[in-house]
J.: 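Structure incoming, see below.
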Protein chains: 2
Amino acid sequence: MRWLPDAMGRLQAAALELFLERGYEATTVADIAERAGLTKRTFFRYFADKREVLFIGSERLVEAFVAAVTQAPAEAPPLAAMEAGLHALGDSFTAERHRFAAERAAIIASSPELQERELIKLAAMAAAAAAALRARGVGEPAATLAADAAITVFRVAFSRWVADDRPEGFRALTRESLDTLRMLAAAP
Amino acid sequence: MRWLPDAMGRLQAAALELFLERGYEATTVADIAERAGLTKRTFFRYFADKREVLFIGSERLVEAFVAAVTQAPAEAPPLAAMEAGLHALGDSFTAERHRFAAERAAIIASSPELQERELIKLAAMAAAAAAALRARGVGEPAATLAADAAITVFRVAFSRWVADDRPEGFRALTRESLDTLRMLAAAP
DNA sequence: GTCTATAGTGCGATAGAC
DNA sequence: GTCTATCGCACTATAGAC
């Protein structure tokens, strides 16, 4: 197995399998490496820690989000620019990826350690989005508030999408959540 | 030292000192226990893990928040009830506690591990707030959205308060942040 | 690729309070 | 004497150093 290609992909696949089979806590890094035909040492060459094996790839999402925010019309108000970013994210959440997303979400929900990691990834996304808003001329604290609110909308939309893949898809869920937030803010 | 009173308080004080002196990562649990005149084993009797020594007491804040939300006038819309909760929280952030809060915040800012823990504590607060809203008859996803938005407002207000203790205090910062969020949501 | 430090746990012993 | 906080030790897994 030693020089088979895609060591990282094999490690990710092995990790997902084992986490589903025996649970996250009951799986050691050595177990994952063994199933992938590699050693523990190699695992840590690819992933900074055990949790990270489930989160690699989030930088791409952040980039897509930021690019869409940056390219939104200059006259678009902050939350409208955020909505463009969310819809760019939505492109990643297609029907084909639904199964993987749901399995991954179930694993994360089973472990506080993994929830912590998820939250800090979302916080990093929010920080990047806030920076993109500031680059558009939005001041503080408006930029941080708009970015965090958008991530909240994303979390709600994502958890609904995972629980029930409606035919209208992720985009509609995002729009509904954002509308609900606007309605809440409009109430006295 | 074995039977001196307030072992937990001594451990917390020792931890804060050492984290400020040498940094969080460079401090071992054995170091903290030694300075408090106790052993590593005793540390773990009081705190589930090393990070937790900086977060004990957050349950009280959650309770205060939830109580205020529950007691808000029945006709108050969701975000108004959340505002009541935030102001109840604000009672804990007085001028006397400012120094401690700032030191603690600086330590947390220095370590990703601690930031993760802070985020999950805030998420727990948001979940409790959402439950309090549902008990008031607010449906989903409105309850989750309103609760998360309120925690966002809290984070912004808190970070501004830590950076600069203005005479108007925490309450004014909360109100300003919430007003800004409402303004953002009102824009097309 | 091995070797080590540290976090965190289980269990039994012990010291002091009452 | 009992009760309980603390301790000592042995152990595993993560993570990083050499």
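Each chain gets a letter, A, B and so on, in the order its sequence line appears, and its residues count up from 1.
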J.: Which part of the nucleic acid does B:Ala7 contact within heavy-atom distance under 4.0 Å: base, sugar-phosphate only, or nothing?
T.: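 B:Ala7: backbone/sugar contact only, no base atoms under 4.0 Å.
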J.: So, is B:Thr28 close to the C:dT6 phosphate, meaning a side-chain N or O under 4.0 Å from OP1 or OP2?
T.: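 Checking B:Thr28 against C:dT6: no side-chain N or O falls below 4.0 Å of OP1 or OP2.
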J.: If a pair satisfies ring-ring contact (aromatic ring centres under 6.0 Å, His included) and one of its residues is in residues 106-132 of chain A, list it, with sequence neighbours excluded.
T.: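 Pairs touching residues 106-132 of chain A that pass the test: none.
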J.: Does B:Thr39 make a side-chain N or O approach to OP1 or OP2 of D:dC7 shorter than 4.0 Å?
T.: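 Looking at the OP1 and OP2 atoms of D:dC7, one of them is under 4.0 Å from a side-chain N or O of B:Thr39.
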J.: Please give the remaining members of the hydrophobic cluster of A:Ile120, linking ILVMFWY side chains under 4.5 Å, ordered by chain and number.
T.: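 Via sub-4.5 Å side-chain contacts, A:Ile120 links to A:Leu119, B:Leu119, B:Ile120.
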J.: For B:Glu96, check side-chain hydrogen bond (donor to acceptor under 3.5 Å, both in side chains) against everything at least two apart and list the hits.
T.: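 Checked B:Glu96 against side-chain hydrogen bond (donor to acceptor under 3.5 Å, both in side chains); matches are B:Thr94.
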J.: Output every pair passing ring-ring contact (aromatic ring centres under 6.0 Å, His included) with a member in residues 65-90 of chain A, not counting sequence neighbours, ordered by first then second residue.
T.: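 Output for this query is empty, none listed.
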J.: Can you give one letter per nucleotide of nucleotides 8-18 of chain C, 5' to 3': B if a protein heavy atom sits under 4.0 Å from the base, S if only from the sugar-phosphate, - if neither?
T.: BBBB--BSS--
J.: Got a sec, which pairs hit salt bridge (charged side-chain N to carboxylate O under 4.0 Å, His left out) with one end in residues 176-188 of chain B, sequence neighbours left out?
T.: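 Sorted pair list: B:Arg166-B:Glu176.
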J.: Can you check whether B:Tyr46 has a side-chain N or O nearer than 4.0 Å to OP1 or OP2 of D:dT6?
T.: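 So the side chain of B:Tyr46 is within the cut-off, an N or O lying under 4.0 Å from OP1 or OP2 of D:dT6.
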J.: B:Arg117 vs A:Glu113, test: salt bridge (charged side-chain N to carboxylate O under 4.0 Å, His left out). Steps then yes/no.
T.: CA-CA 9 Å; B:Arg117 181 55 52 88; A:Glu113 219 173 295; over 6 Å; no
J.: Round to the nearest Å and state the distance from B:Glu34 atom CD to D:dT6 atom P.
T.: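 Nearest whole value for this atom pair: 17 Å.
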J.: Return the value, rounded to whole Å, for the distance between atom CG of B:Asp31 and atom C1' of C:dA7.
T.: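 Value for this atom pair: 13 Å.
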J.: Between D:dT14 atom P and A:Glu52 atom CD, what is the distance in whole Å?
T.: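 Value for this atom pair: 15 Å.
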